[in-house]
Amino acid sequence: MTATTTVEDVVDQPLGVYTRPTGGNGWRDWITTVDHKKIGILYGVAALFFFVVGGIEALLIRLQLATPNGTVLGADMYNQVFTMHGVTMIFLAAMPLSAAFANYLIPLQIGARDVAFPRLNALSFWAFLAGGIVLNLSWVMGGAPDGGWFGYAPNTGIVFSPSPGMDFYALGLQITGVASLMSSINLTVTVLNMRAPGMTLFRMPVFTWMMLVTQLLLVFAMPVIAVALFLLTFSRLFGARFFDPSVGGDALLWQHLFWIFGHPEVYILILPSFGIISEVIPTFSRKPIFGYPFMVFSGIAIGFMGWGVWAHHMFVSGIGPISVAAFSLSTMFIAVPTGVKILNWMATMWGGRIKFSAPMLFAVGVVSMFTIGGLSGVTHAISPADTQQTDTYYIVAHFHYVIFGGIVFGLFAGLYFWWPKVFGHMLSDGVGKVNFWVMLVGFNLTFGPMHVLGLQGMSRRIDSYSPGFGFELWNMVSTIGSFLIALSIAIFVVNVIMSAMKARGQAPCGPDPWDARSLEWLTPNPTPVHNFDEVPVVESLDEFWHRKYGTDDDGRVVRVASAEEVCEDGSAVGVHLPPPSFWPIVFASGLPFIALGLIFNLWLTVPGGLLVVMAIYAWIFEPVDDPDAAHGDHDDHEGDEAAADTIEEAPVV
Amino acid sequence: MSDTATSDHATTTGMTHNKLAMWVFLGSECLLFGALISTYLVYRGRFASGPAPGDIFDIPFTSVSSFVLLMSSLTMVLALSAIKRGDLRNNRLWLLTTALLGSLFIGGQVYEFTTFFREGLGYTTSPFSSAFFTLTGFHGVHVSLGIIMLMSMFISSLRGSLRKEHSETVEIIGLYWHFVDIVWIFIFTVIYLVPSPTS
Ligand code: HEM
Ligand SMILES: [Cu+2]
């Protein structure tokens with residue numbers, strides 16, 4: 001490698017005025033980082049914060065509904081709280097927590113040193129955070145969104161929802177949507193383009209596969225909700241007539257656009273969790289995953305079929321008998337690949353020497369609880385039955401069994417499983433088991449009774465009910481259950497704090513605490529900043545496991561190497577990494593101003609727009625390389641010729 | 001070069017990150033325009049008491065401006081082939097021509113919008129008018145962003161920093177430009193060529 005420039009040349013560069021921040025460990029390092037691992041942690045922290053916010057909103061809902069004629073929240077406040085609960089949990093908790101896992105693990109599982117576009121990755125995180133802040137600012141700036149997470153127009157038009165809440169909804173989600181889109185393009189390119197030698201597509205761990213399908217779903221689903229949100233924004237702010245029935249505006253247009261996004265979205269939510277437990281279950285069953293190709297292809301099938309079922313959310317909207325019949329059928333079919341997965345997980349466990357550590361408990365929780373939700377989903381697919389179920393608590397029961405039972409349990413499995421990878425110490429397994437059981441009981445107490453309430457005819461989205469319909473008992477049970485869930489989250493937080501305190505001053509937990517199978521465990525715990533000392537050469541699926549185990553003369557599986565022998569020690573020096581950058585956070589900080597400006601005073605969009613434009617230009621002309629430390633940040637700089645090439649190969653220090 | 005974090009010298013697919021990302025992004029854009037075009041199709045007959053599409057469109061005029069936009073794809077190809085040959089002068093010439101043709105198209109759109117407005121078709125007149133202006137407006141914004149990128153490349157070239165080795169940048173922005181053109185072919189067909197309802 002030859003040096004073609006010196007530090008002096010860089011300073012001489014007219015464009016070198018945009019110096020890049022150098023690494024460190026304080027708060028500045030976190031806000032300028034482009035390291036996929038740190039960004040993953042940032043996503044995780046923000047998502048867990050919003051998870052608690054959304055959880056408090058859920059408890060308020062349950063308090064209001066605990067008894068008939070509840071008075072905890074008024075009708076208007078109830079609408080705001082249940083809307084923000086759904087929006088927060090889906091867009092600000094579940095999706096970003098999945099993004100945390102995707103960011104941290106994808107590069108490690110494919111043997112890469114970072115994602116394809118590190119700065120864009122940072123921008124994705126900060127833009128997501130900006131969107132989350134915009135959404136929640138609504139609480140103190142005229143009222144939160146009150147039209148449900150599905151935002152049905154014309155109900156969410158200015159006539160029926162005159163507070164600025166739905167503007168915050170439309171613009172806040174627009175921002176988080178752009179963030180998701182950028183991140184999905186980034187991760188798609190990463191998986192397709194940055195695999196280590198030998199890492200063919202069919203040697204990728206199932207987690208990476210499911211994440212790839214998720215990213216592709218995002219790539220194609222995000223623009224659809226973007227259009228829906230634009231139409232709503234233009235209608236509310238500029239008087240466009242898209243949703244005005246008095247001049248021929250269509251009441252179903254929004255529903256179609258929203259659910260064409262919305263159904264793929266539910267798979268965007270669930271597939272990461274499927275990926276997580278597909279890593280956890282084989283590890284703790286001490287067997288390879290059963291039917292790897294079926295796992296992968298059923299994931300891909302879900303990705304395709306997810307586009308053909310959206311109108312099952314509209315069975316009673318008047319879409320006509322032929323559409324209803326067609327979507328009824330397609331919805332029944334989509335349960336097939338999902339069932340394939342469930343059978344494969346069970347077959348993986350079958351005959352395995354199962355170890356029920358906390359991650360495994362949560363994973364088994366997914367397999368069982370998600371199945372209940374999938375089955376109630378099939379009952380909605382039968383449209384005559386759904387005519388009775390729709391808009392009742394039966395639907396609420398369904399989607400909480402798939403979302404809480406399927407996604408939250410899966411994400412917790414992932415947290416317990418990869419915690420040592422990220423932080424270098426384990427979470428207490430004993431406390432984790434308590435965490436699981438309390439959560440499992442609380443979850444079933446909360447959402448199980450909703451099946452009954454729904455079949456008894458209790459409507460969803462309504463702020464109170466009268467006594468005498470037989471709703472009292474099960475609502476009270478459900479509220480009690482919700483506080484048990486809150487307790488289980490508190491147990492998790494205690495576990496995090498106690499484990500961190502116990503680990504302080506002690507050596508890291510050592511490599512491979514779970515006897516795991518995939519490539520990320522090849523690096524030491526916690527992962528060093530450069531990931532791999534040496535880019536691994538991959539020879540099989542479950543590469544890491546195959547480096548530890550072989551077969552003896554009789555064909556029996558025997559251990560051939562200890563984890564210490566196989567794992568790297570993280571001692572590589574002089575590895576070139578993309579340098580940090582200020583501009584992602586500067587770019588993202590302009591976005592809330594633009595949103596607030598559109599809602600309140602157009603002048604505010606000027607500073608917002610200036611911040612964004614300045615960040616874009618600075619970004620492009622930023623020296624792509626920190627001459628002192630790095631090389632090869634050939635990331636996201638189209639049109640960035642000036643700086644790119646002269647500093648092509650900086651001297652290595 | 002295995003020690004680089006994000007080296008695009010050797011990618012798994014052989015395509016650079018930037019180009020692959022542009023392809024994925026354009027895939028996403030298909031759905032954006034797909035949703036906007038669908039909205040227009042739903043609303044083309046719903047003009048309330050305002051002007052109907054069939055009454056107001058000036059098809060010869062729009063055909064000419066569409067032709068201008070299509071020609072800009074040709075000049076974009078010429079710009080790329082010039083820089084690939086290392087012919088920077090012609091590269092600049094064709095980049096500028098492409099940007100000018102794009103601007104001409106945008107000028108035509110501004111003229112069309114103002115004419116329609118004078119004839120009583122405002123943004124808030126009817127679902128048809130809102131859908132029309134939103135769809136063509138989004139396309140116009142895409143063309144305008146393309147023009148900004150073309151001019152940025154033109155200026156880089158004047159400053160000597162867009163050279164033969166950077167032909168891929170021209171190629172990637174060219175991909176975007178051709179995509180925006182192809183989308184216009186769809187929009188032009190759907191809005192103007194398919195016979196529109198009259199009042
Ligand atoms: C076996 C697969 C599934 C089937 C057959 C299915 C079917 C359905 C149907 C027909 C509805 C509409 C019911 C109505 O509103 O009347 C529905 C609602 C819903 N489903 Fe599923 N579903 C499945 C899996 C999932 C998954 C995996 C998720 C999320 C991860 C999910 C989340 C939802 C949500 C959030 C709603 C309610 C949306 C709303 O109205 O707010 N479903 N499901
Ligand atoms: Cu659905």
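All chains are named by letter (A, B, ...) in the order of the sequence lines, taking the proteins before the strands, and each is independently numbered beginning at 1.
For A:F238, the parts lying under 4.5 angstrom from a heavy atom of chain B are both the backbone and the side chain. Using a 4.5 Å cut-off between heavy atoms, B:I155 makes no contact with chain A at all. Of the two parts of A:L231, only the side chain, counted from C-beta on, holds a non-hydrogen atom closer than 4.5 Å to a non-hydrogen atom of chain B. Both the backbone and the side chain of A:L192 come within less than 4.5 Å of a heavy atom in chain B. For A:L181, the part lying under 4.5 angstrom from a heavy atom of chain B is the side chain only.
Within a 6.0 Å sphere centred on CZ of A:F304, other residues, nucleotides and ligands contribute 12 heavy atoms or fewer. A:W307 CH2: more than 12 foreign heavy atoms inside a 6.0 Å radius.
Against chain A, the residues from residues 27-54 of chain B that qualify, each with a non-hydrogen atom under 4.5 angstrom away, are B:G27, B:S28, B:L31, B:L32, B:A35, B:L36, B:T39, B:V42, B:Y43, B:R46, B:A48 in number order. Among the residues in residues 96-128 of chain B, those with a non-hydrogen atom closer than 4.5 angstrom to a non-hydrogen atom of chain A are B:Y123, B:T124, B:T125, B:S126, B:P127.
In terms of non-hydrogen atom pairs under 4.5 Å with chain A, the most contact-rich of B:V24, B:T13, B:V170, B:T12 is B:T12. Most heavy-atom pairs under 4.5 Å with chain B: of the set A:F234, A:F220, A:F242, this distinction falls to A:F242.
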Exercise for the section: Start with the C-alpha distance between B:T134 and A:F230, add both sets of side-chain angles, then the distance that settles side-chain contact (heavy atoms from CB on, under 4.5 Å), and finish with yes or no. Expected result: CA-CA 9 Å; B:T134 305; A:F230 276 128; 5.8 Å; no
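Proximity of B:F138 to A:V227: side-chain heavy atoms (C-beta onward) are nowhere separated by under 4.5 Å.
To the nearest 0.5 Å, atom CD1 of residue A:I185 and atom CE of residue B:M22 are 9.0 Å apart.
Judged by distance alone, with hydrogens and angles left aside, the side-chain atoms of B:T11 form no donor-acceptor pair with the main-chain N or O of A:N193 at under 3.5 Å. Although no hydrogens or angles enter the test, the distance criterion places a donor-acceptor pair under 3.5 Å between the side chain of B:S130 and the main chain of A:R241.
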